[in-house]
There are 2 protein chains.
Amino acid sequence: MKTRDKILLSSLELFNERGERNVTTNHIAAHLAISPGNLYYHFRNKSDIIYEIFLEYEKLVDFYLDIPEDRAMTLDDMTFYLESVFDGLWSYRFFHRDLEYLLDGDQRLRQDYREFTNRCLASISRIFEKLADAGIIEPQEDDLRAAMSLNVWLVITNWMAFLKTAHAAEESACLTLTELKQGIYQVLTLEIPYLTPAYRDQVMALREKYRPSLPEINLASENAASCK
Amino acid sequence: MKTRDKILLSSLELFNERGERNVTTNHIAAHLAISPGNLYYHFRNKSDIIYEIFLEYEKLVDFYLDIPEDRAMTLDDMTFYLESVFDGLWSYRFFHRDLEYLLDGDQRLRQDYREFTNRCLASISRIFEKLADAGIIEPQEDDLRAAMSLNVWLVITNWMAFLKTAHAAEESACLTLTELKQGIYQVLTLEIPYLTPAYRDQVMALREKYRPSLPEINLASENAASCK
DNA sequence: GTATTATTAGAGTATATACTCTAGTGAGTC
DNA sequence: GACTCACTAGAGTATATACTCTAATAATAC
C-alpha cells in the first residue's frame, strides 16, 4: 500500500479513536513509523488530510443514498438506507464531532460539506416521497416533507454525539456499532404517525429490533470489556 | 464587578464568538487587560472556567424548564419553554459545539452534564404529558413519549450546529437569534401529527411564525452587515 | 550506466499554549 | 506604623504543534 494511502487510513483510525483535536500530524507519522517530513511530502497540511478523508466519506454516503428511480421502494430499501447511513457515520465518526472547527479552517470543505448536506436532505426527502408512492407512509405536502427530512438528518447526524455525551462516567465513552444503530429506532419514531395501516405493524416490528436494550443503565458493565 | 466574574463573562463572550478551541487563557486575560497570573489566581485552569460557566447554563435551563404542577399547561407555556430553551442555547452556544472534547477533559462536567441531559429529557417528557392532559396533543404511551422527547432534545441541541455548517461560505457563519429560533419550527414539526383537532390550527399558526424566511438563500446579503 | 524523479529520514524552527513563580500593591485592622 | 491578606503584574517555563529544510536513498527512464 502506498504511503499516501496509509497516511489517510491511519489518520482516519486515529481521528475516530481519539478525536481530530487530539491527533497531531506527528502522532500520525509516529503511528506509521514514518517521519513528519515524509507525511508533509504527501500532504500540504493536516487540513488536506481531513479534506481527502471527507471526499471518501462523501463518496460513500452518496453511493448509499443513490435512489433507484426505475422501481418502487420497499421496506427493505428503507432498512438498507438506514443501516448504510449509520455504517458510514460510524466509519467516519470523527467528522461530525469537530465539524464546525473543521469547516471554519477550510473553505473548500465548508462549501463541499454544504452541498453534501443539501444532497442528503434531498435524498431523504425523495425517500419519503417514494415510501409514500409505495403506500408505506402517507403522502405529505412538500413543506412538511422538507421539515421532516431535516429532522431526520438532525437525529441521524447527532445521535452519536448524544450517545457519547449521555453515556456514563467512563472517560472515553466506549461505543459500539450496535448502540449507534439504536439511532434507527429514533429515526423510525419520527415516521410512526405517518405509517399507513397496511405497513404499520411491519415497520413497528422493524423498529422494535433496534430498541435500546437497557434505557440508561450501561454503567461500565458489559461495555468495559469491549472498550479498547 | 469582581475580577472573577469578569473572567467568567469575558470567557463566555469569547468562547461563543470564536469557539472554545480558539480561545486560550492568555486571550481571555488579554481581552480583560489583566495578567495571566491574575487569571490563574482566580481559576485553577481553563476547565475550571468552563465548568463554572456550565453551572450557570445548567441553572438557567433548570429554571426555564421548571414545570408548574399546580395548574394545567397552556399553549403559551409551551411557547415560553421553546423560546427560553433556545435563548439559553444561544447565550451558551459555545458549549454544545465542543461538548465531547469538554466532557472528555473533565469528569465532573461529564457526570453533571449527563444528569443535566436526563433532567432535560424528563422535563420534555413531562411537558408532553401535560400538553396531553390539557388536550393540546393526544396522549401517548410512555415508550413513545420518551423516544419523542429524545428526538426533540436532539433537534433542539443540534439545530445551531446545523445552521452553522449548512450556512453559506462565509467563514465564521454569522448567526442571529432569529435564525436560531427557526429551530422552534423544526420542533413543532415533530408535534404536528399528535395535535388534537381542537388545537391543531392554533399550533400550526404558531409554527408558521417561526418558518424560515428564505429556505437556503442567505448568501451574505443582509447578514454580512450584522456580522461582527 | 546515467540522469531524473519520487520518496524518505530526521533534525530543526517558529509559534503557541497552559500554567507557574516571584515580587509586589493597596485596602483594611489593630 | 506594623501587619495581614486578597489581589495583581509580568516575566518565565516546559511542552506541544504544525510545519520546513537538507540531504540522502530508492525507483524509473533513457
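Chain identifiers are assigned alphabetically (A, B, ...) following the order of the sequence lines, protein sequences preceding nucleic acid strands; residue numbering begins at 1 within each chain. If you're wondering where the values come from, they're calculated on a predicted model, not measured in any experiment.
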Quiz item: Closer to the 5' end of DNA chain D via nearest nucleotide, is it B/R21 or B/T3?
Solution: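 The answer here is B/T3.
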Could you check whether any side-chain N or O of A/K181 sits under 3.5 Å from a backbone N or O of A/D87, counting only pairs where one atom can act as donor and the other as acceptor?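 No, because the side chain of A/K181 does not come within donor-acceptor range (under 3.5 Å) of the backbone of A/D87.
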What residues from residues 92-102 of chain A pass a heavy-atom cutoff of under 4.0 Å to DNA chain C?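 Heavy-atom contacts with DNA chain C come from no residue of residues 92-102 of chain A; none.
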Q. Hey, what's the ring geometry for B/Y113 with B/F116, parallel, tilted or perpendicular (30° and 60° as the breaks)?
A.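 Judged by the thresholds at 30° and 60°, the geometry between B/Y113 and B/F116 is tilted.
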More 5' along DNA chain D: B/R4 or B/N26, using each one's nearest nucleotide?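 Residue closer to the 5' terminus by nearest nucleotide: B/R4.
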Sequence neighbours left out, what passes side-chain contact (heavy atoms from CB on, under 4.5 Å) with A/E208? Give chain and number order.
->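 A/E208: side-chain contact (heavy atoms from CB on, under 4.5 Å) contacts with A/R211.
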So does B/E56 pair up with B/K59, basic N to acidic O under 4.0 Å?
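Judged by the 4.0 Å cut-off on N to carboxylate O distance, B/E56 and B/K59 do not form a salt bridge.
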### Task
Using ring-ring contact (aromatic ring centres under 6.0 Å, His included) as the criterion, point out the one residue from A/Y92, A/Y64, A/F15, A/F94 that pairs with A/Y57.
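For A/Y57, the ring-ring contact (aromatic ring centres under 6.0 Å, His included) test succeeds with only one of A/Y92, A/Y64, A/F15, A/F94, which is A/Y92.
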**Residue pairs passing the side-chain hydrogen bond (donor to acceptor under 3.5 Å, both in side chains) test where at least one lies in residues 150-160 of chain A, sequence neighbours excluded** =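 Non-adjacent pairs meeting side-chain hydrogen bond (donor to acceptor under 3.5 Å, both in side chains): A/N151-B/Q186.
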Any residue in residues 33-42 of chain B with a heavy atom nearer than 4.0 angstrom to DNA chain C? Just list them by number, or reply none.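 Close to the strand are B/P36, B/G37, B/Y40.
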Quick check against the 3.5 Å criterion: does B/K46 have a side-chain atom that pairs as donor or acceptor with the backbone of B/V23?
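Checking the backbone N and O of B/V23 against the side chain of B/K46, a donor-acceptor pair under 3.5 Å is found.
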Short side-chain to backbone donor-acceptor contact, B/R93 and B/W90, under 3.5 Å:
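Answer holds: yes.
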Q: Taking only Lys NZ, Arg NE, NH1 and NH2, and the carboxylate oxygens of Asp or Glu, determine whether B/E69 and B/R126 approach each other closer than 4.0 Å.
A: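 B/R126 and B/E69: salt-bridged.
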Quick test of your reading of the model: are B/D104 and A/K164 salt-bridged, counting only N-O distances below 4.0 Å?
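No, no charged N to carboxylate O under 4.0 Å.
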Pair B/D98, A/Y101: side-chain N/O donor-acceptor within cut-off below 3.5 Å =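 Note: B/D98 and A/Y101 side chains miss the donor-acceptor criterion.
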Side-chain ion pair, A/R108 and A/D48, N-O less than 4.0 Å: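 Yes, this pair counts.
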Cationic N near anionic O, under 4.0 Å, A/R97 to A/E20: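 Salt bridge: no.
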Practice item. Starting from the first five and the last five pairs of the helix from C/dG1-D/dC30 to C/dC30-D/dG1, work out the angle between the resulting helix axes, to 10 degrees. Key: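 Overall, the helix from C/dG1-D/dC30 to C/dC30-D/dG1 bends by 10° from one end axis to the other.
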Open item on the list: Quick check for you: name the first and last nucleotides of DNA chain D, 5' to 3', having an atom under 4.0 Å from a heavy atom of chain B.
Closed with: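 First and last nucleotides in contact are D/dA6 to D/dG10.
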